[in-house]
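Because only heavy atoms are used, hydrogens play no part in the values below, and waters and symmetry mates are left out as well, while side chains stay in.
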Amino acid sequence: MPKVLVSDPIDQSGLDILAQVAQVDVKTKLPLEELVQLIPNYDALMIRSGTKVTSEVIEAASQLKIIGRAGVGVDNVDVAAATRRGIVVVNSPEGNTIAAAEHALAMMLSLSRNIPEADKSVKASAWDRKKFTGVEVYKKILGVVGLGKIGSHVATVARAMGMNILAYDPFISKERAAELGCTLVDLDLLFQEADYITLHIPKTPETAHLINAEALAKMKPTARIVNCARGGIIDEAALHEAVKNGTIAGAAIDVYESEPLGESSLRELGKSVVLTPHLGASTAEAQINVAVDVAEQIRDVLLGLPARSA
Ligand code: NAD
Ligand code: MLT
């Protein structure tokens with residue numbers, strides 16, 4: 001029987017599918033050396049974002065046929081090294097779209113209404129209403145950077161809340177943007193006009209530190225930024241300075257330059273910053289979607305059927 005190593009927490013629904021065709025070993029939080037030692041015994045590896053599948057892991061993976069990432073990005077897999085060894089890399093491009101979009105919207109509203117800090121204060125037995133006066137999103141301008149699957153859903157819901165949407169996405173047509181009720185603009189105009197900016201782009205060499213000191217300086221002092229896309233699209237040091245100095249009003253961040261987040265000056269910014277630990281895809285529904293989607297692809301490859309590659 002083939003063997004599958006599941007090295008990050010995966011919903012049971014996915015494990016049940018794998019168990020139809022393979023021996024499934026769940027071993028999470030493995031140090032790199034242990035993963036390198038274990039991997040030669042496995043035909044498939046299933047991960048989320050915790051496991052880093054480096055070239056060292058892939059070199060040791062003498063029997064591995066497939067790596068399945070239960071999520072959208074495959075940033076934590078050395079895809080080039082896997083391809084060189086003939087190992088297929090698969091993912092779930094749509095399973096957590098709604099979860100990530102809803103998290104971005106929740107972050108925008110939490111930041112606007114100071115919900116995390118107000119909650120902390122009530123739980124500490126205070127009753128301070130004035131301190132937590134917020135701002136409305138109604139009639140405000142939302143700048144959506146990346147009008148793909150998640151960005152489109154965010155734009156659609158935000159329109160229903162009465163927001164006006166500007167979008168920047170060089171790969172989307174004016175017609176598609178118009179269908180979504182968005183006006184396509186260049187990035188500078190979006191930075192200058194938006195009250196809220198939400199990022200829904202991949203991390204690539206072009207998007208790394210797209211939000212840097214120069215970009216932040218173009219924004220309104222009342223602007224608020226949401227990043228539920230990928231860490232490293234925002235220069236965190238520049239963001240800290242911009243919020244601290246009042247260059248912009250605040251930020252809501254789910255993803256970080258380095259994860260888990262270590263020492264970070266972002267923690268010092270009080271109610272101007274809302275931080276969550278990479279929870280964009282963390283809903284019961286999304287975790288079932290991605291687990292089933294990726295487990296089915298692994299099962300098919302182990303049965304000798306063709307794969308859909310990431
Ligand atoms: P998608 O591929 O459907 O959309 C991405 C969009 O970005 C595309 O329309 C593309 O044209 C556009 N784009 C690419 N490069 C760009 C650039 N330089 N400038 C502007 N636009 C650019 O992807 P998606 O499913 O919507 O995911 C968006 C991001 O969210 C990805 O980075 C994904 O990894 C991340 N994500 C995070 C979580 C989380 O847990 N926080 C969950 C799911 C997805
Ligand atoms: C993804 O790429 O799907 C997300 O970042 C979610 C996750 O890491 O689980």
Side-chain angles (χ1 to χ4, degrees), residues 99-145 154-155 157-166 190-200 211-213 215-229 231 233-283:
E102 290 185 358
H103 195 66
L105 290 156
M107 293 287 266
M108 180 173 73
L109 293 171
S110 296
L111 179 66
S112 300
R113 302 304 295 270
N114 303 305
I115 289 172
E117 289 288 317
D119 170 79
K120 234 192 280 174
S121 145
V122 175
K123 285 178 181 162
S125 304
W127 190 257
D128 195 343
R129 298 175 70 207
K130 198 155 188 235
K131 190 170 159 195
F132 298 117
T133 302
V135 289
E136 294 177 11
V137 301
Y138 182 64
K139 290 202 169 162
K140 298 279 167 51
I141 297 175
L142 173 63
V144 179
V145 181
V154 168
V157 177
R159 277 190 70 219
M161 291 197 291
M163 300 187 85
N164 297 309
I165 320 291
L166 298 180
L190 185 147
F191 288 157
Q192 286 157 23
E193 296 292 321
D195 300 298
Y196 292 85
I197 294 171
T198 186
L199 306 176
H200 301 291
I211 307 295
N212 53 19
L216 289 156
K218 293 176 184 159
M219 296 174 194
K220 295 179 181 175
T222 50
R224 291 172 171 81
I225 300 181
V226 179
N227 186 10
C228 291
I233 297 173
I234 298 184
D235 175 342
E236 287 170 11
L239 178 65
H240 170 258
E241 279 308 297
V243 175
K244 198 172 111 195
N245 300 334
T247 306
I248 65 164
I253 308 291
D254 185 49
V255 286
Y256 304 89
E257 286 175 334
S258 167
E259 295 182 13
L261 184 65
E263 247 178 62
S264 169
S265 56
L266 294 178
R267 291 198 174 94
E268 295 157 11
L269 296 167
K271 68 182 169 115
S272 305
V273 167
V274 175
L275 305 176
T276 51
H278 202 144
L279 292 183
S282 295
T283 63

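- Arg267 is listed as a side-chain neighbour of Leu275, based on a closest heavy-atom distance under 4.5 Å.
- Between Asn227 and Ile211, the closest side-chain pair of non-hydrogen atoms is not below 4.5 Å.
- Lys131 is not listed as a side-chain neighbour of Ser121, based on a closest heavy-atom distance of 4.5 Å or more.
- Side-chain contact between Val137 and Leu142 is absent, with no heavy atoms from C-beta onward closer than 4.5 Å.
- The shortest non-hydrogen separation linking Pro116 to Ser110 is CD-O, 3.7 Å.
- Atom OG of residue Ser272 and atom CD of residue Glu117 lie 9.0 Å apart, to the nearest 0.5 angstrom.
- Contact check for Glu236 versus His240: no side-chain heavy atoms found under the 4.5 Å cut-off.
- Of all non-hydrogen atoms in Gly246 and Pro221, the two that sit nearest each other are O-CB, 3.7 Å.
- Distance check: Glu102 CD to Thr283 OG1 gives 7.5 Å after rounding to the nearest 0.5 Å.
- To the nearest 0.5 Å, atom CD of residue Glu257 and atom CD1 of residue Ile234 are 9.0 Å apart.
- In this structure, Leu166 CG and Glu193 CD are separated by 7.0 Å, a value rounded to the nearest 0.5 Å.
- The heavy-atom pair separating Asp235 from Asn212 by the smallest distance is CB-CA, 4.1 Å.
- The shortest non-hydrogen separation linking Val255 to Cys228 is CG2-C, 4.2 Å.
- In this structure, OG1 on Thr276 lies 3.5 Å from CE on Met107, to the nearest 0.5 angstrom.
- When side chains are defined from C-beta on, Val226 does not count as touching Asp254, because their heavy atoms never get closer than 4.5 Å.
- With Asn114 contributing its side chain and Phe132 its backbone, the two residues share a donor-acceptor pair below 3.5 Å.
- Between Asp195 and the options Arg224, Lys220, Lys140, a side-chain hydrogen bond (donor to acceptor under 3.5 Å, both in side chains) holds for only Lys220.
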For this session: Please assess Leu239 against Ile253 for the test side chain to side chain contact (heavy atoms under 4.5 Å, CB included), listing each intermediate value before the final yes or no.
Result: CA-CA 11 Å; Leu239 178 65; Ile253 308 291; 3.9 Å; yes

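- By the neighbour-count criterion of 12 heavy atoms within 6.0 Å, atom CD of Gln192 is densely surrounded, having more than that number from other residues, nucleotides or ligands.
- The line from CZ of Arg113 to OG1 of Thr133 is 9.0 Å long, rounded to the nearest 0.5 Å.
- Taking 4.5 Å as the limit, every side-chain heavy atom of Glu241 sits out of range of all side-chain heavy atoms of Leu216.
- Nearest heavy-atom pair, Ala238 versus Ala213, reported as atom, atom and distance to 0.1 Å: CB-N, 3.6 Å.
- No side-chain heavy atom of Ile115 sits under 4.5 Å from any side-chain heavy atom of Leu109.
- Minimum heavy-atom separation, Met108 to Tyr196: CG-CD2, 3.5 Å.
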